[in-house]
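Numbered from 1 within each chain, the chains take letters A, B, ... in sequence-line order.
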Amino acid sequence: MNTNKKRIAIMVGAGFVPGMNAVIKGAALAAGQLGWEVVGIRDGFEGLLHPKHYPEGGLLPLTPQLIENLDPSTGSVLGQSSRVDPFHVRQINADEMVEEVDQSDELLAKLKAEKIDALISVVGGQGLTILYKLHGKGLNAVCIPRAIEGDVAATLVSFGFNSALSFTIDMLDKARQAAQAARKIAVVEVLGAQAGWLALQAGIAAGADAVLIPEIPCDLQKVAARLKEKMTTRRSYGLVVVAEGAKLVDNAKAGTDKPSTLKASLSPLASGDNSSHVIQRSGHAAETVASRLQLLIAEETFPLVVGLWARGGNPTAVDRQLGLAYGAGAVQALNTGQNGVMVAFVPPAIKFVPLAEAINKVRTVPPDNEFLKTAQSLGICLGN
Amino acid sequence: MSNQSTTPSATTGIVLNIQRYCSHDGPGIRTNVFLKGCSLRCKWCGNPESIRVKPELSYDPKKCKGRECSLCLKDPFPKGAFYFTEGEEGPVKVNWDLTSGCDEALCSLCPTGALEMYGKTMTVDEVLAEVEKDASIYRSSGGGITLSGGECMLQPDFSAALLKGAHERGMNTAVETACNVPWANIEKVLPHVDTMLHDHKLTIPERHKKWTGVGNERILANFKKAYETFPNTEFIARTPLIPGVNADEEHIRAVLAFIRPHKNVIDYELLPYHRFGLGKYEYLGKVYELDDYKTPSDEVVKHLQAIIDEAFGRTGQRAPAAK
């Protein structure tokens, strides 16, 4: 054991993911074993940058008593911030003017003043870039990926994914029952702006007729043909699962096989697949697929959106374990002298990946993936 | 912000764009000079590239040649700022959080012009030289220069020097402002202004804060003080008309009640909300928050315009076209 006593801080980025408290608990327990002191920063970096907003203090000491009774099913004990970017903090200045200021130096100075030796950050894709920049300015940082859609590269499984998957399957089961009763085709949109892991795995588990994912541009003619084959007088319903970032091969519109995202097709002036201008609202993908399918088949279609519902709720047993493991893994990284790394779970091992290698990458479903093969062998149409 | 040097003509400011042959922002044919930096964050903003004070990167993916070029993945471009996703073709992707090191010199290395900078530092003389190209048109049309933004009052020394120089050259001068700045800034600029176009965006302070980021108490106080301190300046009130935000009688009547006691407020114009700025959000890597909002119907615009016309003692006038 490293006997060098440390004082470390934990912060949580934007967006709730089931299992967040398990991560915090895992880090605090592991640090406690080393005799380290652990504090949590409230609401992203807010607790540190603006402690006056918190009468009870912007830093929360993660004492054994607090950790012992931490409820895994509630929201993060540290709260969250919609913005975790200290390089562009929007504020109203003394002249009542709105401005964006760079508070990164102030943040680093405050961490130093609080005698924080290292920071554990639970962040998503953009947060990884921010921590990479802060690390470049001298911050000792270890990141834990928060990727409910399973799309952060370099780690195979993120905490929260299993909870979202279980919930999504549950919702798809209900949608299938509703479609069965109404003799209609349910088109259900699920999380997955960049990667189709949730849609694919949930679609397989729920027995979907078709699964549309961002990685495979979809021809709705083929989906319609498959639905026609499967629908009989004895089975007059259908279930189509659509990841929110699914793409269509829009022959009629473009005159080529160039795919366009469903969201971008509804964003005037956005340039399609590579557009940064993608409307961050759920429901468009399901509506588009349902209405276009309706033109191709006789049975009635209806859109449903699981969307953000999958981000809440209790963590599953898998995610509790993963959360604790990720938290403990981050402390292990610091204890072994790692810095500027992301904790990755590549079964059976916990690994540490340099942040420079973790950013700008998305973990998508590769063409030879076993889940794709399984879907195909089960007769699930992927629209290709 | 603007750099006040020893001679006003050498004063520098950050200019976003110089647009010739404009006809909606003051009398006659005009040249609009858009300055960088804004002290509001209106959710409907049609000029998102004007918000930040400093020059910033713009990226047009439609011009990018993709992997066959890949120049921006190498030195001297910032590491990680540009990248390709494994297995994907198409234009390069941008990690906007890592682009702060980009400047005009770097952008000039992009062979297709996909990378550009919004905004550059210019002297008063440089701007006026450009504006003076249409001096004969200003003389025949009664036009001149209009400073817009962003918020031109955020660069008061530069703006004042520009307008003073324009006056000396015989041009009509106008500014387009929201006046969310300290009074000292306005006091510097307004002595050189013939017409001030000023935005009454929302009347109720809480709603103003919700849609623009700050309350409107100081703004209204500045308007009132400007009307009274500069009686010879012409003021034209304006409202960007957005259904669901301010396209209602209540707002229009409240603005009329505010401006009508002041005789130097000569008009109140409606600017029906448009979505022309949407594409620019993409170039900046930003997301437009008002996507669900529509342009106001002709019926609504006509109805509200009739209220204004009545207040100004006019009848049968058409609503002004979108800015």
| query | Would you call A:Met97 and B:Arg218 a side-chain contact if the rule is heavy atoms closer than 4.5 Å? | reply |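 The answer is yes, as the side chains (C-beta and beyond) meet within the 4.5 Å cut-off.
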| Would a 4.5 Å heavy-atom cut-off, applied to side chains only, mark B:Leu98 and A:Tyr132 as touching? |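 B:Leu98 reaches A:Tyr132 side chain to side chain.
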| request: Decide, yes or no, whether a salt bridge links B:Lys54 with A:Glu100 under the criterion of side-chain N to carboxylate O below 4.0 Å. | output: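 Salt bridge absent between B:Lys54 and A:Glu100.
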Give a yes or no on whether [X] atom [atom1] has more than 12 heavy-atom contacts from other residues, nucleotides or ligands under 6.0 Å away.
{"X": "B:Lys224", "atom1": "NZ", "answer": "no"}
{"X": "A:Lys137", "atom1": "NZ", "answer": "yes"}
{"X": "B:Asp298", "atom1": "CG", "answer": "no"}
{"X": "A:Phe371", "atom1": "CZ", "answer": "no"}

| field | Contact class of A:Asp85 relative to chain B, heavy atoms under 4.5 angstrom | value |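 For A:Asp85, the contact with chain B is made by the side chain alone.
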Between atom [atom1] of [X] and atom [atom2] of [Y], what is the distance when rounded to the nearest 0.5 Å?
{"X": "A:Ile359", "Y": "B:Tyr83", "atom1": "CD1", "atom2": "OH", "answer": "9.0 Å"}
{"X": "B:Phe82", "Y": "A:Asn360", "atom1": "CZ", "atom2": "CG", "answer": "10.5 Å"}
{"X": "B:Leu154", "Y": "A:Glu99", "atom1": "CG", "atom2": "CD", "answer": "10.0 Å"}

| Per-residue contact mode, B:Cys64 against chain A (heavy atom under 4.5 angstrom) |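 Interface part for B:Cys64: neither.
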| task | Starting from the C-alpha separation in whole Å, work towards a yes-or-no answer on side-chain contact (heavy atoms from CB on, under 4.5 Å) for B:Arg52 and A:His88. | result | CA-CA 11 Å; B:Arg52 283 189 184 162; A:His88 299 99; 3.7 Å; yes
| task | Give a yes-or-no answer on whether the side chains of B:Asp97 and A:Gln126 include a donor-acceptor pair shorter than 3.5 Å. | result |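 Looking only at side-chain atoms, A:Gln126 and B:Asp97 do form a donor-acceptor pair, the distance falling under 3.5 Å.
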| Looking only at heavy atoms, what is the nearest atom pair of B:Thr212 and A:Val98, with distance? |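 Taking B:Thr212 first and A:Val98 second, the nearest heavy atoms are O-CG2, 4.3 Å.
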| field | B:Asn180 side chain to A:Glu96 backbone, donor-acceptor under 3.5 Å | value |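 Yes; judged by distance alone, with no hydrogens or angles, the pair exists.
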